[in-house]
Amino acid sequence: VYQGPYCGFLFAAAGADVIKVEPPRGEPLRRREQVQGGSVPFAILNAGKRDVTLDLKHPDGRAVLLRLVEDADVLIENFAPGVMDRLGVGWEVLRERNPRLCYGSGSGYGLSGPDRDRLAMDLTVQAYGGAMSVTGFPDGPPVKAGPQIADFLGGVHLYAGLMTPLYEREHTGVGAHVEVDRKSTRLNSSHT
């Protein structure tokens, strides 16, 4: 919920023109705790961004995204592995449309490997990665860290990971696919 939006927020804070793409019913964060008619986390994570509503399951929605990508420097996504490909807007399709595109994928357990299809939320990643083993009280069970540390750190690493191919692209003219998973915050980059 926070990883991709936080990465986009960092780009917006750095001065990039960021367009957030939301599904027709809006993203789940919009429906979280409402304060004076709005979600505070949603407002914070999306400050400085423009937005558009697209149904990527419909050909018209995909067509609009493809037009946006033609002039884009970066696309950030943090769907479960395979979702963008099933929607017809994965890395292979988008790099054909724009070879200079830097495509960032944020996931819980990576785009490949034995854990790729495990459901991931900040809470489960904190437990899986061991962060919860050092929180809580001496005589009690592990406790989740207050903020969504896995999502925010994943967002920071995705932002940092995308800066390298953006710089490199100025010399090569070619974009790259960058992957960050929250479990290990490892970075994989691919130009192919």
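What you see is a predicted model, and the numbers here were worked out from it, not measured in a lab.
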Is there a side-chain contact between [X] and [Y] in this structure, where contact means two heavy atoms from C-beta onward sitting under 4.5 Å apart?
X	Y	answer
Phe11	Leu166	yes
Asn46	Asp51	no
Leu111	His177	yes
Met132	Val143	no

In Å, rounded to the nearest 0.5 Å, how long is the span from [atom1] of [X] to [atom2] of [Y]?
X	Y	atom1	atom2	value
Met84	Glu92	CE	CD	13.0 Å
Lys20	Arg50	NZ	CZ	14.5 Å
Ile76	Cys102	CD1	SG	11.0 Å
Gln3	His157	CD	NE2	10.5 Å
Leu65	Asp55	CG	CG	12.0 Å
Leu54	Leu87	CG	CG	11.5 Å

Determine, step by step, whether Leu66 and Val93 satisfy the side chain to side chain contact (heavy atoms under 4.5 Å, CB included) criterion, reporting the C-alpha distance in whole Å, the side-chain angles of both residues, the deciding distance to 0.1 Å, and the verdict. CA-CA 9 Å; Leu66 291 172; Val93 170; 4.2 Å; yes

Assess whether side chain to side chain contact (heavy atoms under 4.5 Å, CB included) is satisfied between Leu10 and Val156, documenting all intermediate values. CA-CA 8 Å; Leu10 293 173; Val156 168; 4.2 Å; yes

Minimum-distance pair of heavy atoms, taken over all atoms of [X] and [Y]:
X	Y	answer
Gly175	Trp91	C-CH2, 4.3 Å
Lys49	Leu45	NZ-O, 3.1 Å
Gly130	Ser133	O-OG, 2.6 Å
Ala150	Val125	CB-CG1, 3.6 Å
Asp85	Gly90	OD1-CA, 3.3 Å
Val178	Gly161	CG2-O, 3.7 Å

Might you work through the side chain to side chain donor-acceptor pair (under 3.5 Å) test for Glu77 and Ser105, ending with a clear yes or no? CA-CA 5 Å; Glu77 64 92 3; Ser105 295; 2.8 Å; yes

Kindly assign one of parallel, tilted or perpendicular to the pair Tyr6 and Phe9, based on the angle between their ring planes and the thresholds 30° and 60°.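 Tyr6 vs Phe9 ring planes: parallel.
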
Distance-only, no hydrogens or angles: does the [X] side chain make a donor-acceptor pair with backbone N or O of [Y] under 3.5 Å?
X	Y	value
Lys144	Gly146	yes
Arg62	Lys57	yes
Arg116	Gly110	no
Asn78	Gly106	no
Gln126	Ala145	yes
Gln148	Asp122	no

So does Asp73 pair up with Arg169, basic N to acidic O under 4.0 Å?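 Yes, this pair counts.
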
Salt bridge Glu170-Arg100, side-chain N to carboxylate O under 4.0 Å: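 Salt bridge flag = yes for Arg100 with Glu170.
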
Reference residue Tyr103; test side-chain contact (heavy atoms from CB on, under 4.5 Å); the match among Val74, Asn98, Leu75: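 So, applying the side-chain contact (heavy atoms from CB on, under 4.5 Å) to Tyr103 and each of Val74, Asn98, Leu75, only Leu75 qualifies.
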
Same apolar cluster (I L V M F W Y, side chains within < 4.5 Å links), Leu153/Met121: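 No, separate clusters.
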
Connected via hydrophobic side-chain network under 4.5 Å: Ile149 and Tyr2: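 They do not share one cluster, since no chain of ILVMFWY contacts under 4.5 Å joins Ile149 to Tyr2.
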
Taking atom CZ as the centre, does Phe152 end up with more than 12 heavy-atom neighbours from other residues, nucleotides or ligands that are less than 6.0 angstrom away?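 Atom CZ in Phe152 is packed in, count exceeds 12.
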
If you take the centroid of each ring, where Trp contributes its six-membered ring, are Tyr128 and Tyr109 closer together than 6.0 Å?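 Between Tyr109 and Tyr128, the centre distance is under 6.0 Å.
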
